[in-house]
Amino acid sequence: MSTAAARHQELFGTAPEGAWAAPGRANLIGEHTDYNDGFVMPLALPHNTTVTASRRDDRMLRVHSRDIPGPTVEFPLDELTPHMVESWAAYPAGVAWVLQGAGHRLDGADLYFESNVPTGAGLSSSAALEVATALALSDLNGLGLTPDDLARHSQRAENDFVGMPCGILDQMASAACTAGHVLYLDTRDLSRRQIPFDMAAEGLRLLVVDTQVKHAHADGAYAQRRAECEAGAAALDVPALRDIPHAELDAALARVEDPVIRRRVKHVVTEDHRVEQVIALLDAGRARDIGPVLTAGHASLRDDFEISCAELDLVVDTANAAGALGSRMTGGGFGGSAIVLVEADATETVGKAVTAAFAAEEYVPPRIFEAIPSAGARRVSLPA
Ligand code: GLA
């Protein structure tokens, strides 16, 4: 029996009926565009949250995490209410609440989680937890949820139960990415294309640099950016900033009075354009040339959206100066991770330069690993 299955048995007194996994993600380009109905381009990381699950014949949901110290948390399925839980358990509880609210009848369940997705690193550990839960509950209860359903329900859990007003980037990445591809997603209607992304075949590497600076979106800065974007769309009389064509950006900016809102609009419209540039380059087999587009994206997030931090800027500046093709922060911002595109043979030089620059500033050492585009959410054999 796998250790996860043995632990499940030990915790809940019954063997799991199966195991399900959902990954974290890095976003190649398209940041803070999702809640503006725009474009994103994530890839799933090889890091997953795995859940073993079994049904119960009462209406209790019991959840336990290997990675977060604390006892098993229990909820009666019929008494779930938004904001009732503050801990990690709010994510699986929120998913159960949303599924029931959507009219699905759930059996009680015991869920045991193991995760190697770094937390607070801007790599979507929350989405991995939500989507793994949604897929496990879908299979246990025969709901037949599609990747779109998994993502939408998971996003709603985070918005309405946990209280974080995120877009759908992270949940769609976790639910719908496939190995060897980046996902080109239109967040307005969830139409998408899987774009082959084999950096090794190009002699390149995409690195993730986790600055270890813990981001905290819930502090209100994320919600504030979202509100500023909505104010921008209202000022320009469009449903969402995605509806401002890049060719009309200057005219649109001239119509926005508030300088802060103007900068937010500029970021979103140029970022959607950068997604299109990256797609065109990848479609043309010019992977190397996306580097400068990534770096331009970082400058926009730093100067116009104002969500970078000293550590992220140091990664980008140092990596680029040491020969990287391009770099940018990835995810929500205010800390977390950056991505760096390098020639394969420059991987070590660039990594060492970033690590040395962090040491010189007396920052906590960064964690650097390769972003290998991996599978989205799926049923797995019980982990060994
Ligand atoms: C966080 C949110 C996403 C998205 C990104 C920024 O990861 O959860 O919905 O807005 O930030 O692109």
Side-chain angles (χ1 to χ4, degrees), residues 22-45 47 90-91 94-95 117-131 150-177 182-188 190 208 210-211 213-230 233 240-242 264 267-272 274-275 278 294 297-298 300-302 304-309 312 328-339:
R25 62 100 190 92
N27 193 20
L28 185 62
I29 191 82
E31 218 66 85
H32 288 266
T33 49
D34 60 350
Y35 52 81
N36 292 295
D37 276 5
F39 301 97
V40 294
M41 211 184 297
L43 54 113
L45 294 172
H47 306 71
Y91 296 92
V95 168
V117 184
T119 54
L123 300 174
S124 297
S125 59
S126 313
L129 177 54
E130 292 152 6
V131 172
L150 297 173
R152 285 190 201 280
H153 290 314
S154 296
Q155 182 201 14
R156 193 155 307 132
E158 189 148 344
N159 290 168
D160 297 346
F161 196 88
V162 178
M164 153 66 182
C166 62
I168 203 163
L169 161 64
D170 305 345
Q171 292 79 9
M172 274 301 286
S174 189
C177 279
V182 285
L183 176 71
Y184 173 36
L185 175 74
D186 180 340
T187 63
R188 174 162 273 170
L190 301 191
V208 173
D210 174 2
T211 64
V213 178
K214 298 295 172 197
H215 71 129
H217 294 151
D219 68 8
Y222 183 95
Q224 188 192 355
R225 292 301 180 285
R226 188 172 177 151
E228 288 163 350
C229 289
E230 283 160 11
L241 290 180
R242 178 260 176 78
R264 308 298 187 246
H267 166 71
V268 173
V269 176
T270 58
E271 185 77 352
D272 271 335
R274 280 184 287 273
V275 176
V278 167
L294 303 185
H298 185 77
S300 181
L301 289 160
R302 182 191 61 212
D304 290 331
F305 221 62
E306 298 175 280
I307 57 165
S308 188
C309 65
L312 287 167
R328 59 182 287 274
M329 52 150 283
T330 191
F334 311 105
S337 299
I339 52 171

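Below, all heavy atoms of this structure are taken into account, side chains as well, without hydrogens, waters or symmetry copies. Quick caveat: nothing in here was measured; it's all calculated off a predicted structure. Just follow the structure's listing: the first ligand is 1, and inside any ligand the first atom is 1.
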Single hit among Asn36, Asp272, Thr187, Asp186 for side chain to side chain donor-acceptor pair (under 3.5 Å) with Arg242: Asp186
Partner of Glu130 by side chain to side chain donor-acceptor pair (under 3.5 Å), out of Arg156, His153, Gln171: Gln171
Could you check whether any side-chain heavy atom of [X] comes within less than 4.5 Å of a side-chain heavy atom of [Y], counting everything from C-beta outward?
X	Y	answer
Ser300	Arg274	yes
Ser125	Tyr91	no
Ser337	Thr330	yes
Cys166	Gln155	yes

Could you list the atoms of ligand 1 found under 4.0 angstrom from a heavy atom of [X]?
X	value
Cys166	2 (C), 8 (O), 9 (O)
Asp34	3 (C), 4 (C), 9 (O), 10 (O)
Tyr222	1 (C), 2 (C), 3 (C), 4 (C), 9 (O), 10 (O), 11 (O)
Leu169	4 (C), 5 (C), 12 (O)
Gly167	9 (O)

Best match, Met329, Glu31, Met164: closest heavy atom to atom 12 (O) of ligand 1: Glu31
Would you check the N or O atoms of [X], main chain and side chain alike, for any that come under 3.5 Å of an N or O of ligand 1?
X	value
Tyr35	no
Ser124	no
Asn27	no
Gly331	no

Arg25, portion touching ligand 1 at heavy-atom distance under 4.0 Å: side chain
Geometric class of the Tyr184/Phe39 ring pair [parallel <30°, tilted 30-60°, perpendicular >60°]: tilted
Any donor-acceptor pair under 3.5 Å from Ser174 side chain to Gly24 backbone: no
